Amino acid sequence: MSDPFSFDDADQPAPRRPRDDEDLTYRPKEGGLASRAQAHITAARGVDYLGVLNPEQRAAVEAMDGPVLVLAGAGTGKTRVLTTRIAHTLATNRARAQEILAVTFTNTAAREMKERIAVLAGPAGEGMPWLGTFHSISTKILRRHAELVGLKSSFTILDTDDQIRLMKQVIKAEDIDEKRWPARALAQQIDSWKNRGLDPSRVPAGEAAAFANGKGAKLYKLYQDRLKTLNAADFGDLLLEAVRLFRENPDVLRQYQERFRYILVDEYQDTNTIQYLWLRLLAQPSGAKQQQNVCCVGDDDQSIYGWRGAEVDNILRFEKDFPGAVVVRLERNYRSTGHILAAAAHLIAHNEGRLGKTLFTDGVDGEKPTVTGVWDSEEEARIVGEEIEQLQRKGQSLDEVAILVRASFQMREFEERFITLGMPYRVIGGPRFYERAEIRDALAYLRCVTQPADDLAFERIANTPKRGLGDATLQQVQVYARTQNIPMIQAARMLCETDELKPKPRATLRDLTSAFARWSTLVENTPHHEVAQTILEESGYTDMWQKDRTAEAAGRLENLKELVRSMEEFPDMASFLEHVSLVMDADAKGGGERVSIMTLHAAKGLEFETVFLPGWEEGLFPHQRSLDESGRAGLEEERRLAYVGITRAKRRAKIIFATNRRIHGMWQTTIPSRFLDELPTAHVEVVEAPGGNYGGYQQSRFASMDTYESSYSTPGWQRAQQRRKEEPPRGGFQESAKQWGQGDWTRAGKGDTGRGPKLIEGELVAKSSAVSGYTKGARVFHLKFGNGTVVLVDGNKLTVEFDKAGRKMVLESFVQGI
DNA sequence: GATGGGCAAGTTTTT
DNA sequence: CTTGCCCATC
């Protein structure tokens, strides 16, 4: 990342650019001769960078004028298009690096783009000061115009933790029962308002009323007021305030509209409303920019962040929003083998409301994705371990193997298994470096020194390490600070001059405030990482961990060292702090080959030779809560998640479902995910769990395998196939949803509308039209639940009212007629 | 002012 | 079955 404080030349009006047909005009600016020469060299190399593209990619790169939407399926060279497009813009002298706005969602994506542009465009692409995340770019803009939105340029960025602590204070101050109305819930609500671009005055009355007996909007307002007093912004504010800045200050907006001659957006399907508004404002033509030169790249089939405000609709609506848009589809896949792609494509075809793409490859068919049924999650971990060992023997690098789970609790079983096996692994997406307590404490110290108004930081470390400043004392300081309307540190200092405090806390507090005063002067004339070191030592913070005899203490000290070390890479304390709050991530790399374990969400954008996809069971995947809360839309998002999972695999995709899984400590019988039913038989192989004898489990384990095989090859299944050909499928989604509503394992959500699940030829398991060996009213016996009466038949799934166990949905093969 | 027990809740997560 | 948070007690 470039120095966030380097505003490049943005303070001056953007220089008039030559028109495109005057491209060779000499521009005495930014690197002068050198960069001009470079531009020509790059242009000369143009044959290269365009030549390596396929026709669609090339079209996406060369459509330079006006809005462009690139629908880039998984593994079709999306990043290549984006980076080449930037290189092309530079090489053809359409814009200079600082006139291109390129937005990503994650810092990782931003970093990767920078690296690749550097390779493609050389020095001409250096800097790219406006390549970054929505948040980092907004921050940069806000710092320059902070006073226009009621902040100072040095404002602090609060993370979720600070946000919730502040929210708690607000809730408490309003005398609201924290139990009934948890701060976390309010924080989430406010976040979602901010995601939708709603400031306190615009919150819909109904939603505002839903929290704390109608106090929702009021609390939001109070929270925002507190943020301003603290000279702070939370993540949501960065975007919301930027949009407000643009709306209320047309002159400022114009400045940026003119500057950003070309705009690129990555992962457009993940944009939420406020990001969309932000983008719309900046993309407006203005000054020398005649049209909306905006290029959005995304894949509606990989939209998996609806639950945090992403609006798939943004991408679906693109052509309406940006009239005259050129739409380019990238469907040629360079990642996966044929069977894998076919399976993924078939699965995702069950979604409605897609823009519609079909991935294809010129490569080999390769291995078919496999589906394996196992008895329980323990066996699941065991066979995955065994298969990885086998692959390893065949020379597969562990770095090329990943386990992608739906929910993080699934990871534990794999970790435990791998520890016993001595199989090296890494968990991706665990607690981040800067979220660790010791790092946050250390940062709080630094924030107090550089930002005297940062009360949250002060409260955090006032009594860390323990120095005898308890709630009572801090309460006093806080009250004093509020009444005087001054920061707490200052209030503390002043209180020490009075005799309102008891002698002991008074002395402690005085020591602390004078220490802070001393450290503040230190910042002026000492390298910042040395200051940090000094503060951590003098405050007794390092000591605290050294005395700590718990297992983690050593690691924490190590982290603190790493923190100080990493500071050296930054020019000053302020830029360091900014990076920590916005940019810093802690991908623990290196240390030899490892299997990666992560959630499906975390896997987006990555690829592996071999991918294991465990836990494909109803309730877990698709996740029950998604179905409950978002109905059909939720189901479709889950399906996209499945699609993302399969398309991560280059050569091997191994899907697994367990018949029993422990959820909240209780063993539950599960049934295979409906997504399994939606895989195409021609491209998927159903395999038996390897490893032979599993003792007492065997019978049941085979019961589950039987089911699987039988739904595939039994007369019943074949009849169903036949019938499907003869008559159109009956029972739309609403009907099945109604039926499901009676089962205890899934309920139809409110959002259910429209047509039914598509029935597509040649799927693994027949749907509602399948013929079951049982009919309504039949008495059956189940190994686990005992006797019961069939109340509903849906293909090979039965809903049974058990005499003892109540109503359950089970697979037909699990019961016997009695 | 610390420390332990009791109780509720329990997808996905970036910035 | 955990984990994390809150409260009550020493």
Side-chain angles (χ1 to χ4, degrees), chain A residues 103-110 132-139 157-164 168 177-180 182-185 188 191 194-195 233-240 242 267 270-272 274-275 303-310 377 404-413 428-432 434-435 437 463 465-475 502 504-505 508 578-585 598-605 615 619-630 634 637-638 640-642 644-645 661-668:
Chain A
V103 207
T104 63
F105 274 82
T106 64
N107 294 301
T108 318
T133 61
F134 277 101
H135 292 85
S136 70
I137 290 169
S138 296
T139 306
I157 298 165
L158 300 188
D159 62 22
T160 322
D161 198 77
D162 292 321
Q163 202 183 338
I164 287 171
K168 269 191 189 143
D177 183 7
E178 270 186 272
K179 280 252 174 75
R180 277 194 65 195
R184 182 169 292 276
Q188 258 168 27
D191 239 23
K194 286 181 176 174
N195 281 158
D234 64 21
F235 286 127
D237 279 342
L238 296 177
L239 288 158
L240 190 68
E267 306 280 15
D270 286 338
T271 48
N272 60 32
I274 190 75
Q275 286 157 342
S303 160
I304 54 175
Y305 286 110
W307 50 273
R308 67 178 197 213
S377 46
L404 310 183
V405 298
R406 175 63 182 83
S408 41
F409 76 83
Q410 292 173 263
M411 293 180 179
R412 221 193 59 189
E413 208 127 19
I428 297 189
R432 327 192 113 247
Y434 63 86
E435 278 169 4
N463 199 30
K466 311 257 186 282
R467 43 171 79 89
L469 290 174
D471 273 350
T473 315
L474 282 180
Q475 203 66 39
K502 291 189 190 122
K504 221 176 178 180
T508 322
E578 174 129 331
H579 270 256
V580 174
S581 49
L582 270 181
V583 176
M584 205 149 136
D585 47 12
M598 68 188 95
T599 63
L600 286 159
H601 284 92
K604 192 164 79 154
L620 175 59
F621 192 38
H623 200 281
Q624 190 57 56
R625 210 142 143 182
S626 267
L627 303 181
D628 288 348
E629 282 169 15
S630 317
E637 184 154 310
E638 296 282 306
R640 290 194 289 268
L641 209 42
V644 167
R661 189 171 292 277
R662 196 163 47 187
I663 295 168
H664 307 331
M666 296 214 309
W667 282 101
Q668 303 213 307

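Lettering follows sequence order; numbering is per chain, from 1. The figures that follow rest on heavy atoms only: side chains count, while hydrogens, waters and symmetry mates do not. All values reported here derive from a predicted model rather than from experimental measurement.
- If you check B:dT15, B:dT12, B:dA2 against the side chain of A:Thr599, the one that comes closest is B:dT12.
- Rounded to an integer number of Å, the gap from A:Asp191 CG to B:dT15 P is 14 Å.
- For A:Ala109, the side chain to side chain contact (heavy atoms under 4.5 Å, CB included) criterion is met by A:Thr104, A:Thr106, A:Asp266, not counting sequence neighbours.
- From the 5' end on, the contacts that DNA chain C makes with chain A at under 4.0 Å to a non-hydrogen atom open and close at C:dC1 to C:dC6.
- Among the protein residues, A:Lys168 comes within range of the sugar-phosphate backbone only, with heavy atoms under 4.0 Å from sugar or phosphate atoms but none that close to a base.
- Taking atom CG of A:Asp161 as the reference point, atom P of B:dT14 lies 15 Å away to the nearest angstrom.
- Rounded to a whole angstrom, the distance from the P atom of C:dG4 to that of B:dT11 is 13 Å.
- The residue among A:Gly236 and A:Thr473 whose nearest nucleotide of DNA chain B is located toward the 5' end is A:Thr473.
- Of the candidates B:dT13, B:dT15, B:dG1, B:dG1 carries the atom nearest the A:Ala472 side chain, counting heavy atoms from C-beta on.
- For an aromatic pair to be called close, the ring centres must be under 6.0 Å apart, and A:Trp307 with A:His623 fails this.
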I'd like a table of atom pairs between the protein and nucleotides 5-11 of chain B - only N or O on both sides, under 3.5 Å - with the distance next to each one.
| unit_1 | atom_1 | unit_2 | atom_2 | d |
| --- | --- | --- | --- | --- |
| B:dT11 | O4' | A:His623 | NE2 | 3.2 |
| B:dT11 | O2 | A:Arg406 | NH1 | 3.1 |
| B:dT11 | O2 | A:Arg406 | NH2 | 2.4 |
| B:dT11 | O4 | A:Glu629 | OE1 | 3.4 |

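- In this structure, the CE atom of A:Met411 is 8 Å from the P atom of B:dT12, given to the nearest Å.
- For the P atoms, the distance from B:dT12 to C:dT3 is 15 Å, rounded to whole Å.
- Each of A:Lys466 and A:Glu637 was matched to the nucleotide of DNA chain B holding its nearest heavy atom; the match closer to the 5' end belongs to A:Lys466.
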